[in-house]
2 protein chains.
Amino acid sequence: MKNYKITIEYDGTFFNGWQVQTKNLRTVQGEIQKALKIIFKRNVLLIGSGRTDKGVHALGQTAHFKAETQMPTDEILRALNANLPDDIAIVQIKKVSENFHAQYNAKSKTYRYTLLNRATPSPQARLFYFFYPYSLNLSLMKKEAKHLLGKHDFKSFQSKDPSRPERGKDTIRTILSLNIKKKKGFIIIDLTANGFLYKMARTIVGTLIDIGRGKLPSGTIKKLLKEKNRAQASPTAQAKGLCLLKVEY
Amino acid sequence: MKNYKITIEYDGTFFNGWQVQTKNLRTVQGEIQKALKIIFKRNVLLIGSGRTDKGVHALGQTAHFKAETQMPTDEILRALNANLPDDIAIVQIKKVSENFHAQYNAKSKTYRYTLLNRATPSPQARLFYFFYPYSLNLSLMKKEAKHLLGKHDFKSFQSKDPSRPERGKDTIRTILSLNIKKKKGFIIIDLTANGFLYKMARTIVGTLIDIGRGKLPSGTIKKLLKEKNRAQASPTAQAKGLCLLKVEY
């Protein structure tokens, strides 16, 4: 059996997230597995670096699958893209060692959150940002965000959903970098961490927005990290603004 | 009566072009006139800088309309956007002198044509490029494109459609700049001219692609400008790759 690592771009708008579900919902993993089945004439399990939620996008999601085949990799790439809907594309394929695992071997992930922070919407980018036309104190957001860097217990920033598997488990993660920049009306927040709790990126962004608009005082991030209480943080920011940029191994 | 100039962004995918048509088709002008009617409670004529074709996009289309109103301009802007579908937005509004005319006063226009020139498609940008995964000689395209600069008779690059009003009229235009650059797999062709014949931008791009892929020899542009025969030029490039960037006054 050969082992392949693929890098995937998708527009998450019309997907019920990454992961195949018991209900007959359209998912990214499901669509790629359908294409793999067409090419290899049998069921192929595709293992992603992790889930992305309903509506979340990716430019560099990664996954691996095993197949017994003589096809050259660029032929597999072409065949996969020819059998995928136009909101998913495999942008890279690589033969990797037998024991490479897209989830367990991931060292870090980078997510990008995009806000449109101007008076008017942008039709051409409308599926990929959260529209926030009100004033935001960007320098305060940047200052507060610095406290997130490093190794912390991110319990305050996990999902409120008690059924998620991380509940009761280790909620310690390390944020390796967090950059906020403004470009032509867009505020772009790039977050790199060794791992993310479910909804952690969007809860961090939601909290930073509340800080930027003056709803929460400076010192909030420090307090949340200390108190480890999800109820204190802000609502998660909209899924459509979030994009998985890359996964590092 | 007050006269207003507006700047419009749209995703042209789901429009039958700019101009209102006799048939009941969805057009950009039609949708904005509907919003104007809601706000001003009467029919308002919107005059664009020119038409864009079915499927062509805009980041900076311009238009003007007249209205008898006391509403501040940013309130008109907000009201318009609140009454427009999400694939159109008014990104700027300005009160202008009574005799400003969006079409007659336009000095130049800039169009951008976007090709994706890599092996794999890009789902997030899929509505905004022409996918050309084959090899292109970019330096040859740039060299040939230089011959388009300046004042020429562009008869060879006009539409083949004999019913268009320009037929038999003046086909002399001045191309003020033409830049071709490659960025992350995308080839971006920016064209500025004092005016464009119907389908001129897309016929130029189609011809440059045929030069880049070696179907037409170097010297083609010079020859086409001299021969003034549309039948010699290449097919027009796909509408979805074209975007009206700005109109200068």
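Proteins come first, then strands; the chains are lettered A, B, ... in the order of their sequence lines, and each starts at number 1.
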Measuring heavy-atom distances to chain A, does B:Leu59 have an atom under 4.5 Å in its side chain, in its backbone, in both, or in neither?
both
Check every N and O of chain B against chain A and note each donor-acceptor pair under 3.5 Å, with its distance.
residue: B:Glu9; atom: OE1; partner: A:Ser122; partner atom: OG; Å: 3.4
residue: B:Glu9; atom: OE2; partner: A:Ser122; partner atom: OG; Å: 2.7
residue: B:Glu9; atom: OE2; partner: A:Gln124; partner atom: N; Å: 3.0
residue: B:Tyr10; atom: O; partner: A:Gln124; partner atom: NE2; Å: 3.1
residue: B:Asp11; atom: OD2; partner: A:Arg126; partner atom: NH1; Å: 2.9
residue: B:Asp11; atom: OD2; partner: A:Arg126; partner atom: NH2; Å: 3.3
residue: B:Ala58; atom: O; partner: A:Gln124; partner atom: NE2; Å: 3.2
residue: B:Asp86; atom: OD1; partner: A:Arg126; partner atom: NE; Å: 3.4
residue: B:Ser122; atom: OG; partner: A:Glu9; partner atom: OE1; Å: 3.4
residue: B:Ser122; atom: OG; partner: A:Glu9; partner atom: OE2; Å: 2.7
residue: B:Gln124; atom: N; partner: A:Glu9; partner atom: OE2; Å: 3.0
residue: B:Gln124; atom: NE2; partner: A:Tyr10; partner atom: O; Å: 3.1
residue: B:Gln124; atom: NE2; partner: A:Ala58; partner atom: O; Å: 3.1
residue: B:Arg126; atom: NE; partner: A:Asp86; partner atom: OD1; Å: 3.4
residue: B:Arg126; atom: NH1; partner: A:Asp11; partner atom: OD2; Å: 2.9
residue: B:Arg126; atom: NH2; partner: A:Asp11; partner atom: OD2; Å: 3.4

With sequence neighbours excluded, tell me which residues meet side-chain contact (heavy atoms from CB on, under 4.5 Å) with A:Ala79.
A:Ile39
Mind checking the CD1-CD1 spacing from B:Ile32 to B:Ile88? Nearest 0.5 Å is all I need.
5.0 Å
For B:Phe131 and B:Ala119, the nearest pair of non-hydrogen atoms, with its separation, is CZ-O, 3.6 Å
For B:Ala89 and A:Pro121, which heavy atoms make the closest approach, and how far apart are they?
CB-O, 3.6 Å
If you count heavy-atom pairs under 4.5 Å between each of A:Leu127, A:Val91, A:Leu84 and chain B, which one has the most?
A:Val91
What's the shortest heavy-atom distance between A:Gly206 and A:Ala237, and which atoms?
N-CB, 4.1 Å
Measuring from B:Ile180:CD1 to B:Ile187:CD1, what's the distance to the nearest 0.5 Å?
8.5 Å
Considering all heavy atoms of both residues, which atom of A:Ala102 and which atom of A:Gly48 are nearest to each other, and what is their separation?
CB-C, 4.0 Å
